[in-house]
Amino acid sequence: MKTEIKPLIANKFLAAAMKYMEPLKGTYIYNAKQRDYLQKTIYGNIEYAPWLDSILTYMITNYNLNTSPHILDFGCGTGELTVLINNLGYCVTGVDIHEAHLDLARILAKENKINDQIFILSKNRKLPFDDKSFDIITMFVVLEHLADEDLKYILPELKRVCKGVIYVLVPNKLQITDDHTGLHFLPWMPRWLATAYLKIRGRKHQYFISDDGSWDVHYRWFHRIKSLFNEHGFDLDFPPDRIIFPPLDVAPPILRIGKSINFGAHSVTLGIPFPHRAMIKSGYPRQAFYPYLNLIFTPNDFGKIK
């Protein structure tokens, strides 16, 4: 463990975040974000900080990185995980394109006696960092908010500034329910259909939190994500199951399309199973069935150790 895990101080941050979200009361995203803010701040030292400590320690050790790594939290949003990483004793920089989100991140930093200059606004195609500036780049539920055309310049930039590894946590397109709207089967729909479907579902299920208020979520199959990174010179690896997030006992693999029905102490799942055993035997990784993909990418000329 890097250092003692300290609870965050977040009274001012939470008050400001709830004020920022006030216009969205009555929507699915309002309640979801409220829970998310609480989980990452008030309860962050219980759930998120131990996981962050485990995954960062694993990457430092397994990939022979600097024991005091410089970390870039790409797409840091309102900064809760960035501040938690800082509290673990790491040197971390958060970058995002949303000024309003970074304003909240700076409030949280100041509350925890952290220099708020660790948060940087960047809307340019070129990141404001020197080549090979970072040992670790984290992308926590960010990839799904980036269109393919954006990744054409983002991935080369990430490769330019990274001298170690990139950790990606992204929801799997296999998920039945969309995290952002609560709507079933939205992740499976073509983008044009998902956009049209959202429009007819009314205000409760609208999204609102992108830079322009539009639907900016791009669900991708595992092999599409792997292919995008491969095209830009990255190799894929997986962290051990014991340190993935969320843990498998909370979010088990998606092995069928269906619904679980409880009968007292027993649960029966009805639905259509995936041929996951045959797919795994043919070389499809078992991690591709996890509802959240935990992926580690290294430049293809990077010498990692095992």
Side-chain angles (χ1 to χ4, degrees), residues 1-2 36 39-40 44 46-63 65 69 71-77 80-82 84-85 88 90 92 134-146 151 154-155 158-159 162 164-180 187 217-230 232 234-255 274 276 279-280 283-299 302 304-306:
M1 186 170 291
K2 181 75 176 174
D36 191 55
Q39 288 170 347
K40 290 178 180 174
I46 299 172
E47 184 174 11
Y48 281 92
W51 162 64
L52 288 168
D53 188 64
S54 296
I55 191 68
L56 292 171
T57 299
Y58 170 80
M59 289 189 288
I60 291 167
T61 303
N62 196 63
Y63 298 92
L65 304 179
I71 299 170
L72 175 65
D73 189 11
F74 183 84
C76 65
E80 303 96 298
L81 296 186
T82 318
L84 281 170
I85 291 171
L88 289 170
Y90 292 101
V92 58
F134 298 97
D135 302 281
I136 298 172
I137 296 176
T138 57
M139 297 177 69
F140 301 118
V141 288
V142 172
L143 186 64
E144 71 273 22
H145 297 287
L146 301 171
L151 290 175
I154 288 173
L155 289 179
L158 293 180
K159 187 175 183 183
C162 181
V165 302
I166 299 177
Y167 170 78
V168 175
L169 175 64
V170 59
N172 196 337
K173 189 177 174 69
L174 274 177
Q175 287 195 53
I176 303 300
T177 304
D178 171 51
D179 288 344
H180 312 86
V217 181
H218 302 262
Y219 280 100
R220 298 178 176 93
W221 300 110
F222 162 76
H223 275 300
R224 176 58 181 157
I225 296 172
K226 179 182 177 182
S227 176
L228 282 169
F229 277 83
N230 284 166
H232 290 90
F234 290 98
D235 294 326
L236 170 66
D237 207 348
F238 298 100
D241 287 351
R242 59 183 169 78
I243 57 171
I244 67 170
F245 192 90
L248 291 177
D249 59 347
V250 174
I254 302 171
L255 303 180
F274 292 119
H276 61 279
M279 292 174 71
I280 290 170
Y284 204 77
R286 57 182 168 75
Q287 293 92 340
F289 294 97
Y290 296 174
Y292 291 86
L293 302 175
N294 287 245
L295 311 171
I296 296 175
F297 291 99
T298 59
F302 179 80
K304 60 178 181 282
I305 64 168
K306 292 292 185 183

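Being a predicted model, the structure only gives us computed values, none of them experimental. Numbers for residues simply follow the sequence, beginning at 1.
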Considering residues at least two apart in sequence or located in another chain, which fulfil the salt bridge (Lys or Arg N to Asp or Glu O under 4.0 Å) criterion with Asp178?
none

Phe245/Phe140 under side-chain contact (heavy atoms from CB on, under 4.5 Å): CA gap, chis, key distance, verdict:
CA-CA 10 Å; Phe245 192 90; Phe140 301 118; over 6 Å; no

Measuring only between side-chain heavy atoms, which start at C-beta, is Val141 closer than 4.5 Å to Val170?
no

Scan Thr298, Val168, Asp235 and name whichever one has a side-chain contact (heavy atoms from CB on, under 4.5 Å) with Phe229.
Val168

Tell me whether Lys40 contacts the main-chain N or O of Glu80 through its side chain, where contact means a donor paired with an acceptor under 3.5 Å.
no

Counting distance only, does the side-chain N/O of Arg224 pair as donor-acceptor with the main-chain N or O of Tyr219 below 3.5 Å?
no

Please confirm whether the backbone N or O of His223 pairs with a side-chain atom of Ser227, one donor and one acceptor, at under 3.5 Å?
no

For a 4.5 angstrom cut-off between non-hydrogen side-chain atoms, does Ile225 reach Leu143?
yes

Indicate yes or no for a side-chain donor-acceptor contact from Asn172 to the backbone of Tyr292 under 3.5 Å, with no hydrogens or angles considered.
no

Which pair of heavy atoms, one from Asp135 and one from Cys162, lies closest together, and at what distance?
O-SG, 4.5 Å

Nearest 0.5 Å, what's the OG1-CG distance between Thr138 and Asp73?
3.5 Å

Rounded distance (nearest 0.5 Å) linking atom CD1 of Ile85 with atom CG of Leu52:
5.0 Å

Could you check whether any side-chain N or O of Gln175 sits under 3.5 Å from a backbone N or O of Pro291, counting only pairs where one atom can act as donor and the other as acceptor?
yes

How long is the span from the CD1 atom in Ile71 to the OH atom in Tyr90, to the nearest 0.5 Å?
6.5 Å

Mind checking the OH-CD1 spacing from Tyr167 to Ile296? Nearest 0.5 Å is all I need.
7.5 Å

Checking side-chain hydrogen bond (donor to acceptor under 3.5 Å, both in side chains) for the pair Asp53/Tyr48: CA distance, chi angles, key distance, verdict?
CA-CA 9 Å; Asp53 188 64; Tyr48 281 92; over 6 Å; no

Is there a side-chain contact (heavy atoms from CB on, under 4.5 Å) between Leu72 and Ile136 once you walk through the steps?
CA-CA 6 Å; Leu72 175 65; Ile136 298 172; over 6 Å; no

Would the distance check show the side chain of Trp51 and the main-chain N or O of Ile243 forming a donor-acceptor pair, the cut-off being under 3.5 Å?
yes

Ring centroid separation for Phe289 and Tyr284, is it under 6.0 angstrom?
yes

What pair of heavy atoms forms the shortest contact from Thr82 to Val92, and how long is it?
O-CG1, 3.5 Å

Going from CZ on Phe234 to NZ on Lys226, what distance comes out if it is rounded to the nearest 0.5 angstrom?
15.0 Å

Heavy-atom closest pair (Leu65 atom, Gly164 atom, distance to 0.1 Å) is CD2-CA, 3.9 Å

Rounded to the nearest 0.5 angstrom, the CG-NE2 distance for Leu151 and His232 is 7.5 Å

Shortest non-hydrogen pair, Ile55 vs Pro239, comes out as CD1-CB, 3.7 Å

Search all heavy atoms of Pro69 against all heavy atoms of Ile60 and return the closest pair with its distance.
CG-CD1, 3.6 Å

When every non-hydrogen atom of Leu155 is compared with those of Leu228, the smallest separation belongs to CD1-O, 3.7 Å

As a quick check of understanding, evaluate side-chain contact (heavy atoms from CB on, under 4.5 Å) for Phe74 and Leu158, giving each step before the final call.
CA-CA 9 Å; Phe74 183 84; Leu158 293 180; 3.8 Å; yes

Does any non-hydrogen side-chain atom of Cys76 lie less than 4.5 Å from one of Leu81?
no

Counterpart residues, side chain to side chain contact (heavy atoms under 4.5 Å, CB included), relative to Pro285 (two or more places apart)
Phe222, Phe238, Gln287, Ala288

Flag if over 12 foreign heavy atoms under 6.0 Å of NZ, Lys159:
yes

Check the pair Leu169 / Met139 against side-chain contact (heavy atoms from CB on, under 4.5 Å), numbers first and verdict last.
CA-CA 6 Å; Leu169 175 64; Met139 297 177 69; over 6 Å; no

